[in-house]
Amino acid sequence: MVIKIPLPSAPSRWKRLSKEPGQKFSEILGEIAQDETLERVSVGDLLGAMGDRAFGPLLFVFALPNILPSPPGTSGLLGIPLIFLSVQLMLGRKPWLPNLIANRSMKREDFASIIGRATPVLAKAEKLLTPRLGFFVHPPAEYLIGAMCLLMSLVLSLPIPFANSVPAGTICLFALGILERDGAWVLAGTLMSAVSSILALFLGWALFKTAILLFTNAFG
């Protein structure tokens with residue numbers, strides 16, 4: 001007679017991974033992507049796995065698809081949880097998402113495909129990350145990071161063509177800086193947020209001028 005011992009829930013297993021000394025974020029994502037005991041991976045699973053460390057990982061996971069080739073409308077869909085998380089980071093709250101967002105899931109195979117494309121870049125980035133310039137990654141500076149991530153999330157949610165990659169990349173820089181307490185990456189994200197804001201204003205103004213011109217030609 002074979003006695004089957006039930007496995008602990010996926011988030012419980014993953015949470016132990018996230019607490020192992022020296023465990024890299026890319027390795028944790030890889031373990032989750034390869035967990036064949038699950039058919040789907042939900043946002044709530046990731047939130048439960050990362051616990052209080054969830055701000056950096058979740059900001060990264062939601063921002064990353066906007067840099068990679070994605071279906072139309074992805075930025076608007078992923079911008080909503082980014083806004084939720086950014087507001088909580090800005091207010092110094094623990095990471096939380098409403099059930100409407102937390103229950104959203106994707107097939108594990110699709111999640112694995114995204115992580116597979118991102119892991120090589122993330123692994124290279126992790127080699128450059130190290131705890132430094134702590135003033136820029138701890139409160140009250142962390143609240144300012146939340147405000148800048150909120151601004152980038154709002155820009156990301158706007159229907160402005162070709163304006164998604166830069167704010168998404170900016171949020172990824174902030175996310176990695178928070179994750180590894182690396183103030184240098186936060187400073188890089190701050191510089192990128194300025195570039196992203198200027199780019200969004202320029203493209204938004206150009207789009208507005210084009211719309212006015214088309215309207216004038218049509219009804220003038």
Closest non-hydrogen atom pair between I101 and P81, with its separation: CG2-CB, 3.8 Å
Drop me the distance from L97's CG to Q88's CD, to the nearest 0.5 angstrom. 6.5 Å
Out of curiosity, does L91 fall in the hydrophobic cluster containing I83 (side-chain heavy atoms, cut-off under 4.5 Å, transitive links)? yes
Would the number of heavy atoms belonging to other residues, nucleotides or ligands and lying under 6.0 Å from CZ of R132 be above 12? yes
Got V87 and L150 here, is their nearest side-chain heavy-atom distance under 4.5 Å? yes
Applying a strict under-4.5 Å side-chain criterion to I, L, V, M, F, W and Y, I'd like to know whether W185 and L191 cluster together. no
Would M192 and L128 show up in the same hydrophobic cluster when neighbours are defined by side-chain heavy atoms closer than 4.5 Å? yes
Interatomic distance, L82 atom CG to C149 atom SG [nearest 0.5 angstrom]: 8.5 Å
Report yes if some heavy atom in the side chain of E142 is under 4.5 Å from a heavy atom in the side chain of V137; otherwise report no. no
Treating Ile, Leu, Val, Met, Phe, Trp and Tyr as nodes and any side-chain heavy-atom pair under 4.5 angstrom as an edge, say whether L100 and V61 lie in one connected cluster. no
Check S86 against L59 and note the closest heavy-atom contact, atom names and distance. OG-CD2, 4.1 Å
In residues 168-175, what donor-acceptor pairs under 3.5 Å come from side-chain atoms, sequence neighbours left out?
residue, atom, partner, partner atom, Å
T170, OG1, V166, O, 2.8

